[in-house]
Each structure stands twice: as C-alpha cells, then as structure tokens.
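Note: hydrogens, waters and symmetry copies are ignored here, and every other heavy atom, side chains too, is used.
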Amino acid sequence: MKRNLNEHVLETLSKCNHLNHLKQLQGYLTTLGHAHTHFYAFKLLRFCALTLSNLSYAHLIFHHHPSPNTHLFTAIITAYAAHPANHPSVLILFRHMLRSQSTRPNQFIFPHALKACPDSCAVDSLHAQIVKSGFLHYPVVQTALVDSYSKVSGGLRNAKKVFDEMSERNVVSFTAMVSGFARVGDVESAVRVFDEMPERDVPSWNALIAGCTQNGAFSQGIELFRRMIWECNRPNGVTVVCALSACGHTGMLQLGRWIHGYVSKNGFVLDSFVSNALVDMYGKCGSLGNARKVFGMNPEKGLTSWNSMINCFALHGQSDSAIAVFEQMVGWGGGMRPDEITFIGLLNACTHGGLVEQGYRYFEMMGQEYGIEPRIEHYGCLIDLLGRAGRFDEALEVVNGMSMEPDEVVWGSLLNGCKVHGRSDLAEFAAKKLVEIDPHNGGYGIMLANVYGELGQWDEVRNLWRTLKQQKSYKIPGCSWIEVDDQVHQFYSLDKSNPKTEELYGVLESLFGFRNEVIVDL
DNA sequence: CTAGGGTTAG
C-alpha cells in the first residue's frame, strides 16, 4: 500500500501544472496524515520551486513543516540559491539549519551556501564550518570554496591557498582560479594558470578570453579565440559574445563578420546575448545597417538590446535615430523601463547632435519619470552637452549642484568645451582641478600647460614642464584603429613615423580648413 | 541534490 501511495503521489505530482493541483495533492496527503512525511514534503517543495517556480509557496511548505530534515533544508536552500536576490535568505536558512539539533549539513549544501556569501568574512566562517563537518576533502566543495573566495573582495589570496592545497585539481577548479585572477585584472596570472592546466574545455577557454576582453586586452582575447579554434575547441555562444566584444573595441569588422557567419552556419541559437553582441560589434565598427538588421531580428529584445542599439546611433552622432529607438523602447513597441545606461546613451546622442534642450529634458526625465538618481556618468554627459554648446554658466551651476565630487570626466568635459569656445579662463580652472585629482597623470599636466600657453603665461608653462619632467610623468599617446580593405590601421597621436604622414595631414587640412595636430597611421 | 564561462556605459 505504501508503495502504491508513493507511485500515486509522484504520478499526480508529475501531472501538476498549476498551484491549485499541488494544493489538492497536499490536501489529499493531509487527510491521510502524510502531510509532514519528509519524503512527500520534499517532493512537493522541489516541484513547487523548480517546476512551478513558485518560491513563496515553496517557502510556505518548508515553513509549515514542524521538523524539517536535511533534505528539506537542501531543497529550500537550492531554490533560493538560484536567484541572487534571495542569497541573504540562503545564509539565514543555513544558520537556522546549523542551530537545529536534528539537521546536519551535507556536502551538497555548502556550494549553495558559498555562492550566497557577500564578503570574505562569510566565506571564512563557512570555510571553518566545512572543516568542522569534515567535508573539506570533497573536490566539489573545495572548488566551490575557491570560486567563492575569488568572487568576494580581497579573497583571492585565500582562493589561491585553497586551490594550492587541493588534493585533486580538475578542469573546473583550474577554471575557477583563471577567472578569479581575471576578475581582479591580473590577466598575466590568469594566463599562467591557464597554461598550467592539464586539460582545457570550452568554459576554461571562455574564462580566459572573457578575462582578457573584460580587462581591455582585446587583441590578446582575439588571439586566444583564434588559438581556441586552431586547437579544435568549438566556441559556443559565450565565446562568441566575448570575441565580438573584442572585435567591436578594436574595429575588426572582418573578423566580426566571420563570427556572424560562423554563428549562422553552425546553428547557434541567436539568443539575446549573441544578438546584442553582434549589434554592438556592427555598431562600433560603423556598420549601422547591419546593427539595425540584427537588432530587428531579435525576437526577445531585452534592456541590453535596446541600450546597445541606442548606443550605436549615439556613437555615430545619429541622434534622431537614437531618440526614435528610445521612443519605441518605452512605447508600445518595447514596453521597457529604461535604466541608467539607456540615459547615458541618450545624453550622448543629444550631445553629438547638439540637442541641448532635448538632452536637458532627458536628464530631468530620468529622475522624475523613472526614479533613476543621476550618477557621475550622467553628470559627465550633461557637462559635455552644455560645454560643447558653450553654455558655461549652466554647466558650472550643474557642477556646483552635484551631490558627489566631480571626477576627471566632468572636469575633462568642461575643459574640452572651453577649448572649443576659447574660454581660457575657465579652462585654467578645469585643468587645475584635473591636475589636483590626478597629479601624476602627465596628460593633465600637458593640458594645463597648453592652457597657460593660450593665456600667454610662459613662465607657468616652463614651471609646469619642469615639474612634469622631474616627476617623470609622461602621457601615453592616444591611439585608435580602423579596418580598411582587410587591413587594420593603427593611429597614434602626434606620431609622424608613417610614410604617408604628409598625405594624411593634407587630407585633414582639406577637411578642416586648417592643420590639425592629429593622427598618423603606423 | 553540489563546483567553472557571457553583451551595453562618459
């Protein structure tokens, strides 16, 4: 009879597709006096959390149980661990579990609890708990510990320590270590760990490639991408997203197109991640038509999709298109709620299109209609907008009214506007602020020196240059790339080593009507 | 029942 009941319950459960069905089953079990039988409560809870995605009812089942056992704790903790927003609850439940006499943690709970740790103290205490419970020798638990340490701030040293002391390191633990180093920007160490790995799979390649692209090492990321294919590891969607990001940042349209082809030919699911990455790549490489095409074909446009499309148009000064996309995004077509990134794009679009009033309106709209507090980035955009338009009184008013300290971008934008409009007096003020914020940045020193030059204050110029030389602070030359006819051309500011220097400056002169101190191809 | 990888931003 017991066996029949089990089968009956499981079968009924598998046919549940609504919470009411589950409640009926629950009522049935209650009449039989089995509502709190651990096995059934566990099955109901898991079904509720995983299949019905109803966390609150799952919690109710757990909460109403008079004596939850380890299985029930595991089930509810697993359910909460799946959503970062519920991570605090995971730790509360875990502590609850430790306090109750009848339940001991098993090795399966620790990875979930570790995932929920917000800081290195929390990981430390779990680490101690793992040792105490005798689970430290499980490779999966060790790996979770490495990963968790490497994700909290200041935990990398401990991550490395646990990693070094592991008895059986495998491809997963190595990968956790690679992304740990990448997360703190230590690409070199990430590469070293990667090279030491006895075997590599797709996620390990992805960890390193992502590490490169997230730290600005785009060429290195692309090199690794090529090597990955060369060594017969098939890239997946994650790889492709990282590689496309690198293509966008370096202007490698050709490779970007090739990746697009690769994605289509190999039957990749064109999910939102891949689609957005393509939009961004095409946009950054100046292929706005393709960006728009890929965007249009994405059936489930998310916030990032809309933001990427807006940014594409903003980047190329097509403010009308950017605004049109925004209207569609918040209107009937999209029904989206914009975020702070949306407004950065919009403000940039207005800046590049000279739409000062419109930009101002969007800045106001951000807080009033969407409750988004302006961040320093938004102030940077606004100052840029006002500065380029020569509206310095308003710009200064904004700077003075800011709730936070203005940063380099704010002063830099103001300085830039001053240069365009010949306001050397204000320029001096802004440039001094820049030097104040970062005295060892040679670039700011040179900017200030140039302003003194404008003002004819040659003593100041000489003093500044002397200080700069003493400090050995030199400016890293500005640099950019463009791909023309399959060839990437790299340009450094003020470098005249290219044989076509004269020709290039000639073109610039015909474009601007004066000799501009820009670019040379290397 | 448990461990590693993802896009957009001045």
Atom CG of A:N307 to atom P of B:dT8: distance rounded to whole Å? 11 Å
Would one find a side-chain N or O of A:N348 under 4.0 angstrom from OP1 or OP2 of B:dG10? yes
A:Q107 side chain near B:dA3 phosphate (N/O to OP1/OP2, under 4.0 Å): no
B:dT8 P sits how many Å from A:I310 CD1, rounded? 16 Å
Look at the side-chain N and O atoms of A:S245 and state whether any lies under 4.0 Å from the OP1 or OP2 oxygen of B:dT8. yes
Nearest to the side chain of A:V238 - B:dG6, B:dG4, B:dC1? B:dG6
Does A:K284 place a side-chain N or O at less than 4.0 Å from the phosphate oxygens OP1/OP2 of B:dA9? yes
Expressed in angstrom and rounded to an integer, what is the separation of A:F313 atom CZ from B:dA9 atom C1'? 18 Å
Is there a side-chain contact between A:P105 and A:T70 in this structure, where contact means two heavy atoms from C-beta onward sitting under 4.5 Å apart? no
Checking B:dT7, B:dA3, B:dT8 against the side chain of A:F273 (C-beta onward), the nearest is B:dT7
Atom CZ of A:F39 and atom C1' of B:dC1 are separated, to the nearest Å, by 13 Å
Cationic N near anionic O, under 4.0 Å, A:E223 to A:R226: no
Base, sugar-phosphate, or nothing for A:V279, non-hydrogen atoms under 4.0 angstrom? nothing
To the nearest Å, how far apart are A:I341 CD1 and B:dG10 P? 10 Å
Return no unless some side-chain N or O of A:Q142 is found under 4.0 Å from OP1 or OP2 of B:dA3. no
So which nucleotide from B:dC1, B:dG6, B:dA3 ends up closest to the side chain of A:D271? B:dG6
Mind running side-chain hydrogen bond (donor to acceptor under 3.5 Å, both in side chains) on A:R257 and A:N290 for me, showing each step along the way? CA-CA 10 Å; A:R257 277 212 193 96; A:N290 282 317; over 6 Å; no
Check every atom of B:dG6, B:dG10, B:dG4 against the side chain of A:V274 and return the nucleotide holding the closest atom. B:dG6
Counting the benzene-type ring for Trp, do A:H316 and A:H352 have ring centres under 6.0 Å apart? no
Testing B:dG10, B:dT8, B:dG4 for proximity to the side chain of A:C381, the answer is B:dG10
When you measure only distances, ignoring hydrogens and angles, does the side chain of A:N206 come within 3.5 Å of the base of B:dG4 through a donor and an acceptor? no
Residue from A:Y80, A:F62, A:F108 passing ring pair (Phe, Tyr, Trp, His ring centres under 6.0 Å) with A:F73: A:F62
From B:dG4, B:dT2, B:dT7, nucleotide with atom closest to A:A176 side chain: B:dG4
Looking at every strand, decide which applies to A:V240 at a 4.0 Å heavy-atom threshold: base, sugar-phosphate, or nothing. nothing
Whole Å only: how far is the CD atom of A:E196 from the C1' atom of B:dG4? 17 Å
Could you tell me whether A:R183 contacts a base, only the sugar-phosphate backbone, or nothing, with contacts defined as non-hydrogen atoms closer than 4.0 Å? sugar-phosphate
Give A:S204 one of three labels, base, sugar-phosphate or nothing, depending on what nucleic acid heavy atoms sit under 4.0 Å from its own. base
Taking atom C1' of B:dT2 as reference, at what distance in whole Å does atom CG of A:N170 sit? 13 Å
Is NZ or CZ of A:R200 both nearer than 6.0 Å to the six-membered ring centre of A:F194 and within 45° of the ring axis? yes
By the 4.0 Å heavy-atom rule, please label A:Q214 as base, sugar-phosphate, or nothing. sugar-phosphate
Interatomic distance, CD1@A:I372 vs CE@A:M365, rounded to 0.5 Å, equals 10.5 Å
Describe the nucleic acid contact of A:G211 in one word from base, sugar-phosphate, nothing, applying a heavy-atom distance below 4.0 Å. nothing
Return the value, rounded to whole Å, for the distance between atom NE2 of A:H71 and atom C1' of B:dC1. 9 Å
Check every strand shown and say whether A:T175 touches a base, only sugar-phosphate, or nothing at a heavy-atom separation below 4.0 Å. base
Between B:dT8, B:dA3, B:dG6, which nucleotide gets closest to the side-chain atoms of A:T304? B:dT8
